[in-house]
Each structure stands twice: as structure tokens, then as C-alpha cells.
Amino acid sequence: MEYNHRSLEKKWQQFWAENGTFRPAETTDKPKYYVLDMFPYPSGAGLHVGHPLGYIASDIFARYKRLKGFNVLHPMGYDSFGLPAEQYAIQTGQHPSVTTEVNIKRYREQLDNIGFSYDWSREVRTSEPDYYKWTQWIFMQLFHAWYNKEADKSESIDSLTNRFETSGSEGIYAVCDEDVLTFTATEWNSFSVEEQQRELLKYRLAYLRESTVNWCAALGTVLANDEVINGVSERGGYPVEQKKMMQWSMRITAYADRLLRGLDTVDWPEPLVEMQRNWIGKSVGASVKFLLPQLNDIEVFTTRVDTIFGVSFIVLAPEHELVDALTTDKQRVEIEGYKEKTAKKSELDRMADTKTVSGAFTGSYAKHPLTGADVPIWIADYVLAGYGTGAVMAVPSGDQRDYVFAKHFNLPIIPISDAQNIEEDADPTKEGRYINSDFINGMTYEEAVPALIKRLEGLGLGKAKINYRMRDAIFGRQRYWGEPVPVFFKNGLPYLIDEKELPLLLPEVDKYLPTETGEPPLGRADGWKYQGKYEYELSTMPGWAGSSWYWFRYMDPTNDESFASKEAVDYWKAVDLYIGGSEHATGHLLYSRFWNKVLKDLGYHNEEEPFKKLINQGMIQGRSNFVYRVLDEEGKGTNVFVSYGLKDQYHTVPLHVDVNIVYNDVLDTEKFKAFRPDFVNAKFVLENGKYICGTEVEKMSKSKFNVVNPDDIIETYGADTLRLYEMFLGPLEQSKPWNTNGIEGVYKFLRKVWRLFHDAEGNLFISDDEPTKSEYKALHKIIKKVEEDIERFSFNTSVSAFMICVNELSDLKCNKRKILQDLIIVLEPYAPHITEELWALLGNEAGTISYAPYPVFRSEYLVESEFAYPVSVNGKMKMNLSLALDLDAKVVEEIILSNADVQRYLDGKIVKKVVFVRGKIINIVV
RNA sequence: GCCUAGGUGGUGGAACUGGUAGACACGCAGGACUUAAAAUCCUGUUCCCGUUAAGGGAGUGCGGGUUCGAUUCCCGCCCUAGGUACCA
């Protein structure tokens with residue numbers, strides 16, 4: 001029998017599906033292991049060859065863990081709410097659920113073709129009511145919670161109302177809005193229900209507040225900060241403006257520090273951890289008050305309180321609330337003009353234009369908190385209203401922006417350290433000792449900071465403070481295709497619907513566009529009112545809602561009583577291995593950690609972090625192929641195409657050509673003629689009898705004809721080849737262009753494996769004889785190597801090792817059962833179909849290879865006369881050798897005499913052994 | 001600017017804690033089998049010098065350093081990719 005991947009792979013995929021081979025055990029003594037992929041958004045374009053890279057890696061790991069005796073949970077599902085389906089609905093009128101269903105079906109077919117070991121009985125879809133019921137339920141928990149800073153955790157809002165009722169707002173230490181009221185218990189109890197609710201909203205983790213949002217007019221919705229890239233929307237690239245709106249938000253800032261600390265406890269790639277750290281943006285510093293005689297003092301945030309005696313002016317953001325009051329009549333015109341100018345600048349301009357120095361003087365002065373000196377107050381757009389207090393103390397000698405500003409407007413630049421060099425630029429050094437700095441003169445940085453904080457605190461004019469860059473996450477979207485927010489409005493205030501009424505189903509609408517009055521699409525739903533009279537919230541949840549807890553649902557996907565049973569959550573705990581792209585660093589991965597922590601605080605599970613280990617797979621880019629069309633004298637395209645190497649001899653224009661009709665950069669000229677009608681009569685200028693195409697690495701896209709569908713590869717070479725080849729392509733984390741240049745080698749390897757089991761006629765040919773030493777050696781080398789490789793996610797090197805092993809066994813003409821059976825167990829994670837087939841051919845029960853024990857590597861098979869051990873000479877030389885030889889003294893002398901370096905190092909010691917490789921001495925034992 | 005990752009043959013890439021640089025694969029060249037093709041197998045393939053060979057020299061982005069020994073460690077620079085930015 002020949003290796004027929006087509007029939008063989010279909011057969012086993014069907015077998016696995018019918019037998020539920022990959023369902024984890026319900027009751028077992030085995031340790032658990034949870035391997036998760038970032039679930040995909042099912043887009044209309046289907047999977048391309050880049051998508052499965054991470055899925056293959058996680059599947060290999062999941063299968064490996066099964067062989068290692070773990071009870072493995074390895075599920076898959078769909079993040080099926082999202083913008084593209086809705087945009088498509090707007091254009092075609094097609095209900096998003098219909099498009100989504102079609103796309104999911106296609107995804108499923110493509111995924112099935114690759115032979116993943118998913119437990120499909122646990123599939124989830126975020127757009128299904130029995131799933132989003134629990135997304136809504138979690139929202140309700142967030143609405144019903146507040147963050148108690150004393151306990152450093154979220155608690156039920158009831159604990160807050162209890163305290164309000166008994167002792168008022170006294171002693172409450174919460175993460176909340178800035179404008180919370182101070183009241184006694186008596187006052188609280190005398191508040192109306194509306195007043196109480198209004199106040200509680202300022203504490204809730206999910207809250208409604210007027211805030212500045214990123215409004216994208218083209219998409220008709222607000223966007224979260226991570227959905228805005230360089231001032232335009234991540235999806236579609238439309239302009240985004242700042243707008244004040246009533247919006248649902250999530251108090252993720254309450255968790256800023258825990259999100260930061262948690263990063264030290266997880267095994268994540270360093271770049272990703274760094275990205276989250278930067279996004280959270282913790283700054284340790286101090287807040288300091290500059291005094292104003294009549295008005296509220298100006299509070300500034302600084303990370304360099306030690307430079308406070310170098311302050312020569314104060315800068316407010318143009319939007320700062322005190323600007324109007326501070327502006328003197330004389331400066332009024334100038335300030336108004338500047339404010340207007342800034343308001344006109346878009347976010348994008350303001351970011352792009354960081355070179356020009358601009359600002360205006362308000363005419364007022366504030367008193368320095370320590371010296372009492374008058375400090376002029378300016379406004380400038382380099383100070384951002386949204387960060388810190390929107391005001392900074394300017395220290396030109398220590399901060400480059402302040403320096404440039406001071407030079408431009410002729411303001412004093414005061415040196416504050418004897419180590420500073422401020423001839424050309426500001427010098428932010430912390431070296432040296434302070435000068436011109438009052439009572440900290442002569443101190444070092446380490447001495448000055450605590451001294452200053454102490455002094456400022458004593459005066460009540462400042463304190464140590466920590467600032468975060470991260471903002472609360474906007475939670476509402478003015479769109480149709482998302483989870484409805486389970487909230488209704490009474491007297492303009494939001495209330496949760498009754499939990500028993502979940503899920504709050506997404507209503508039908510006639511069009512997927514905003515209403516005439518500018519309300520979100522849900523405003524079109526006929527008679528959609530709570531208890532027939534109260535308005536529902538009309539915005540829906542953002543895309544990240546459903547994906548922020550989905551790993552829990554896989555643990556117990558059909559539970560109707562809770563998001564997952566206590567037993568399931570206690571058993572599966574957290575995701576042990578999570579594989580996905582780094583593009584989710586500041587979105588999904590941050591929000592998921594946030595919700596996970598909230599659910600933990602509220603007592604639903606015990607895991608502080610949801611994803612223990614995380615791997616980012618690299619992107620697979622497209623590799624476009626080009627043909628070169630010869631142009632005539634008028635510059636018009638002819639029907640003559642010249643091969644890449646000869647194109648410089650002609651006047652040509654490059655054209656994208658479908659990569660599916662190019663093999664190893666050689667064009668199939670017949671298929672090319674059929675590629676487009678006008679190419680029917682194409683003529684070719686060949687080199688060496690071939691048409692060679694040019695190449696370029698670009699993003700995979702339909703318009704560039706460089707999309708490779710995994711189904712096509714599988715049709716030609718099979719799923720096992722695709723799996724092995726995607727791993728063989730290079731390190732998992734690395735981005736790389738797709739090419740099929742080496743796929744033949746992998747396919748050849750699998751056929752070689754097949755042939756090990758068969759004789760020349762294609763009949764099964766297995767011997768039960770005892771294997772030879774070299775056969776054992778080849779086997780145990782691969783057992784050891786693959787185990788090491790998988791544990792450190794170096795899948796590409798495993799593939800090479802397999803090739804070496806099979807070449808060796810093939811050279812040895814090895815057909816011993818004892819060898820081959822173990823070999824295919826080790827190969828199973830990489831190439832499950834062929835191994836399953838061979839496993840059955842050896843007479844084993846079908847399906848059991850997936851749970852066969854991973855062979856134990858035995859070192860005695862590897863040890864020969866070739867030793868590997870470290871040695872040292874004079875306590876200096878330390879080395880590890882792969883090849884060592886004992887020599888008699890005579891030979892040693894000869895070799896040593898010929899090598900001056902070695903002789904120098906011998907230092908009169910007695911030589912016991914000389915190690916040399918290919919005639920070169922590389923070690924001496926004395 | 002800052003942060004992070006990386007730079008190795010014609011190509012993808014190996015070399016895990018400093019110890020034979022270029023494993024493995026592709027491609028290319030030559031050969032065997034075959035009427036022929038496919039398939040399979042064998043040999044060679046970093047570059048330069050050496051007519052062949054024996055042999056010699058250089059070589060992991062560049063320049064230094066530590067070391068008997070550096071792709072690996074240290075210092076300075078250049079380039080590429082990703083992230084981020086008037087964040088005080």
C-alpha cells in the first residue's frame with residue numbers, strides 16, 4: 001500500500017469526531033492541563049495558511065501532554081460578535097447572524113482538515129444567547145461591585161451601602177469618581193433613591209459617566225484607546241475625534257497596580273509584558289500644590305520633585321479648568337487665540353507636530369510652595385489635559401521640553417545640580433549634589449527626595465503620588481451586532497434588569513444603521529422596553545466583552561445555572577498554555593486579566609492570573625510573485641512576459657501573479673494563460689527553459705494574489721505535511737513569509753516514514769526481532785530531543801531531528817516493531833494522521849495512540865566510547881566535549897610539542913588525557 | 001527619541017549553559033536505476049587561493065575588549081522588524 005494522505009487523513013478525522021477521542025476525562029487521577037488558542041473572529045475571507053501556525057503549535061503541545069499522561073482540555077470556539085459582519089449587513093441587509101453562521105461553517109471545515117485534537121463538544125460562540133447570557137451576567141456583577149482599596153479588592157456594592165447607612169462616607173477608601181460627595185449616615189438615609197443611585201454610580205466597576213471618548217463618525221461608534229492607532233480607527237482606518245458623551249465604562253484603573261504586579265508572576269514573552277507595563281504606565285512621583293491667592297491651588301504631578309527649586313514657570317493644558325479665571329484682561333486676547341488654535345488641531349496634528357514651540361502667558365503668577373516666589377503661569381499644548389492633573393511645574397534645566405520652551409519665550413533656566421551641563425540641552429541627571437536649591441543644597445538625589453516629601457507633607461502642600469497612564473475602558477458601542485447591556489433606565493438612572501430575565505436577547509431591527517435621531521441601531525427595535533415601559537440601554541457591549549472570560553466557559557460550556565460550575569472551575573483552574581498573536585497585548589489580554597481578577601475578588605474562583613504561560617506566534621506574511629510584462633515604445637503593455645533574470649534587458653512593468661500557479665518561483669505558463677482572459681496568447685522570454693517569477697514579501701491579501709488556502713496545500717501534500725512544514729518554517733515566535741520552497745522535503749520525509757513499515761511491494765513488513773544497538777541509539781536520540789524541544793517550544797528543530805532519525809533508521813533498514821512503535825508515538829503530536837494509521841497497522845486499537853505513554857528516554861543507549869564531560873586546567877579551562885579520546889603518553893607529547901598554546905598552559909602538570917577533535921587539541925586533562 | 005526582539009551560505013534556518021560554525025531542508029551540479037518519465041538512492045555544494053589534489057587563508061552586520069577558545073559574554077556603532085510617544 002502506498003502512502004495515500006487523502007483517504008487516510010479523512011478516515012482518521014472522521015474516526016476522531018465519531019469517537020470523541022479528544023474529550024478530556026470526567027473523572028481521572030491524571031493531572032490536568034489546559035491548552036488554549038486565541039479563538040478567531042470568523043471573517044468572510046476564511047482561514048489562510050498563516051492562521052493555523054499557532055493552532056498547530058498548541059495542538060502539538062496538547063497531544064504531547066496527552067502522551068505524557070495529562071488530562072488535557074483543548075477547546076476551540078468563535079469570537080463571533082464584531083464589526084465586519086455588521087458592515088456587511090449594512091451593505092446587503094443580510095442579518096449578521098446569517099453571515100456569521102456561514103463563515104463559522106467554513107472555518108470549521110478548514111480547521112477539521114488540519115486534524116486538530118479539539119474537543120468540539122465544548123465549542124463556544126460569543127454571539128449565541130446561551131453564551132452572552134453569561135457575558136451579561138458578568139456585566140451585572142461588575143455593575144454591582146466597587147473597589148475597596150483597604151482590602152485591595154472588589155466587593156459587592158452592598159458592603160458599600162451598608163457602610164453608608166451606618167457611618168456615611170467617612171473612612172471609605174475606594175477607587176471612584178473624583179466628584180463623590182461627603183455625607184453622614186443620617187444624610188445618606190435621607191437621600192432619595194435617585195440620589196443614592198446617582199452616588200453609587202460613582203463607585204461601581206461598570207459605571208455610566210460623561211467622559212471624553214474616541215468618536216469615530218465613519219463607524220458611528222466610540223472606540224477604546226487600544227482600538228485607535230495613530231489617531232485613526234484600527235478597523236478601516238477612519239479618523240477619530242475627541243467628544244464628550246455619556247458612556248458606559250469599566251473601572252480597570254482600580255486594578256492598575258495588581259495588573260502590573262501580576263506580570264511578574266506569569267510566564268509571558270518579555271516584549272508582551274513590556275507592552276502591558278508601558279500601557280499601564282506607572283509613574284512614581286509626587287503631587288505638589290502651587291498656591292493661588294484667590295482661587296483653588298494648582299496641583300501638578302512630577303516624577304522629579306527633587307528639581308522643584310529649578311521651577312521657573314508653570315504650564316497648564318489649554319483645556320485646564322483654571323485657565324479662564326487666571327487669564328488677566330491684558331492677556332485675554334492672546335490666550336483665547338491660543339486656545340482656539342489648539343482646539344482646531346486634530347489629535348493627529350498635535351501628535352505629528354512636536355517640533356514647533358507654542359504657548360501663551362496667562363498674566364498670572366502662582367506662589368512656589370517652598371520659596372514663596374512668584375512663578376508665571378503659561379498654557380501650552382505640550383501639556384495634556386488627560387494625564388496627571390493637566391498641569392506641570394516646568395524645570396528647564398532638567399526637562400528638554402521645558403528647556404526648549406524657556407529658550408523660546410526667554411524664561412530663566414536655573415541649574416540645580418553641580419553635575420549638570422545645560423549649555424545646549426536640558427540635563428535630567430540624578431548625579432551630583434544640588435545647588436540653588438535651598439535646604440537640599442549639597443544633598444544627593446537619594447537624600448533629597450524623602451526630605452522634600454517630608455517638608456511638603458508637613459506644609460500640607462504636597463505628597464508622594466503614583467500616576468497611571470492607563471484610563472478606564474469605555475464599554476459601550478453604538479452598534480447592533482454585540483451583546484445588549486442588561487440595563488434599563490428609570491428617571492434617567494440605570495438599573496439592572498432581573499437576573500432571571502437573562503439573556504436579554506438582541507432584538508430584530510429593520511436596518512443596521514443609527515436612527516434618524518442619532519440613536520444606536522437598537523433604537524429601531526419595535527416595542528423593546530423593559531416590563532413594557534422602561535427604556536433599555538441602546539448601546540451594545542464592545543468586541544472585547546465576550547472574549548474576556550471565554551476560557552471559563554470551555555470548562556463547562558452548557559451550564560445554565562452559572563457561567564461554569566464551581567467543580568469545573570476548581571478543577572481546570574487557569575489556562576496553562578495560551579497561544580496567540582501579540583496584537584492583543586493591550587486589548588484582549590489586559591481586559592481578560594481584569595475580568596478574571598474581578599471574578600476572583602467576588603469569590604467565583606481562586607486564580608489571580610488567567611493565563612499562566614503565553615506564547616506569541618509570529619505572523620506569516622504573504623510572498624507575492626510577479627511576472628514582468630514587456631512594454632512597447634508607447635509604454636503600453638504587450639502580451640510578452642520576460643523571466644525575472646532577464647527583465648533588465650527590457651522595459652517592463654511588474655504584475656502580481658497568483659501564487660497558486662507558481663512552484664518554487666517557476667511559473668506554470670499554461671495555467672498562467674488561463675489566469676486572465678487577456679493572457680490567453682501570452683508569450684514568454686524564458687531563462688534556462690523556465691519562467692522565473694520575482695518575489696516580494698507583503699501582507700496576505702486577496703488583491704495581491706498571494707493568499708494561500710491551507711486546503712490547497714492539504715489536497716496536494718496532506719495535513720500532516722502542512723503541520724510539519726509550518727513548524728519546520730522557523731521558530732514559532734518569528735514572523736516569516738510563506739513559501740512552499742521546502743515543503744517537498746517534508747513530504748518526502750513522511751513517505752520515508754511510511755516506507756520504514758513496508759517492503760518494496762508495499763506490504764507491511766515488520767520484524768519482532770530485538771533491535772540492534774544503533775537502532776536503539778537512533779530511537780532514543782529522537783525521544784530525548786523531541787521531549788526537550790517541545791518543552792521549550794522549539795518545534796522547528798524537532799522536525800529536523802525526525803528527518804535525521806528516519807534517515808538513520810532507513811540506512812539501517814530497520815523494521816523492528818520495538819523501534820518503530822515508539823518512533824510513531826513520538827511523532828504523533830506533529831503528524832497525527834499517518835501515525836494513527838501506522839499504529840493501527842501494527843495491530844493496536846484505533847485511537848489509543850493519542851493516549852499511549854510517551855516512551856522513556858534511556859541514556860544507556862546513547863553512551864558509547866564517546867564521552868561528554870566537563871574538564872578544567874588550572875581552574876580556568878572549562879568545556880563540554882562531544883568527542884573524547886584516550887591517547888598514550890607518547891602521542892600526547894608529540895601533539896603537545898606541536899602546539900605552543902597548549903604547552904604554555906600545561907604549566908608542568910602531568911597530562912592524563914588529551915582530547916582532540918579532527919586532529920585539533922581542544923582539551924587537556926591534567 | 002524610548003522600549004523590545006533580531007542581523008549566520010544562493011534560500012529557510014541549526015548550533016540549548018562560551019568548545020568541530022553552517023545540522024536539517026530547499027535549490028543547484030554530477031551520477032545510479034529506467035526504453036523513458038515519475039518515484040527512489042548516491043556524491044558534491046560558506047567564500048577565496050591552490051589547474052586536479054594534498055593543503056592554506058578568511059568567515060556569523062561593523063569596530064574594539066575579555067578568554068587557550070566568542071555566533072554565544074562585555075563596550076561602542078550601523079541596519080531591520082514590532083511596540084510606544086510632547087505621560088511631566
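In what follows, every chain begins at residue 1, and chains take the letters A, B, ... in the order their sequences are listed.
A gap of 16 Å separates the P atoms of G63(B) and C79(B), to the nearest Å. With both ends at atom P, the span from A39(B) to G27(B) equals 11 Å, rounded to whole Å. Using P as the reference atom, U66(B) and U17(B) are 24 Å apart when rounded to the nearest Å.
In this structure, the separation between CZ on Phe857(A) and NE2 on His780(A) is 8.5 Å, given to the nearest 0.5 Å.
Between Arg277(A) and the phosphate of G83(B), there is no side-chain N or O to OP1/OP2 separation shorter than 4.0 Å. The phosphate of A88(B) (OP1 or OP2) has a side-chain N or O of Tyr387(A) nearer than 4.0 angstrom.
In this structure, Leu272(A) and Arg401(A) both approach RNA chain B, and ranking their closest nucleotides by distance from the 5' end singles out Leu272(A). Of the two residues contacting RNA chain B, namely Arg469(A) and Ile804(A), the nearest-nucleotide position lying further toward the 5' end is that of Ile804(A).
Residues passing the side-chain hydrogen bond (donor to acceptor under 3.5 Å, both in side chains) test with Tyr445(A): none are found, sequence neighbours excluded. Applying the side-chain hydrogen bond (donor to acceptor under 3.5 Å, both in side chains) criterion to Lys289(A), with sequence neighbours excluded, gives no partner residue. Applying the side-chain contact (heavy atoms from CB on, under 4.5 Å) test to Ala473(A) and every residue at least two apart in sequence or in another chain returns Met250(A), Ile252(A), Trp544(A), Tyr591(A).
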Could you list all N or O pairs between the protein and nucleotides 11-14 of chain B that sit under 3.5 Å apart?
{"residue": "G12(B)", "atom": "O2'", "partner": "Leu729(A)", "partner atom": "O", "Å": "2.8"}
{"residue": "G13(B)", "atom": "OP1", "partner": "Gln734(A)", "partner atom": "OE1", "Å": "2.9"}
{"residue": "G13(B)", "atom": "O3'", "partner": "Asn796(A)", "partner atom": "ND2", "Å": "3.4"}
{"residue": "A14(B)", "atom": "OP1", "partner": "Asn796(A)", "partner atom": "ND2", "Å": "2.8"}

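You'll find the side chain of Gln276(A) stays beyond 4.5 Å of the side chain of Leu260(A), heavy atoms only.
Looking at Asn807(A) and Lys752(A), their side chains do bring a donor and an acceptor atom within 3.5 Å of each other.
Ring pair Phe728(A)/Tyr725(A) is tilted by interplanar angle, where 30° to 60° counts as tilted.
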Protein-to-nucleotide contact annotation, 5' to 3' order, nucleotides 37-45 of chain B [B base; S sugar-phosphate only; - none; under 4.0 Å, heavy atom]: --SSSS---
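Applying the salt bridge (charged side-chain N to carboxylate O under 4.0 Å, His left out) rule to pairs touching residues 794-811 of chain A yields Lys781(A)-Glu808(A), sequence neighbours excluded.
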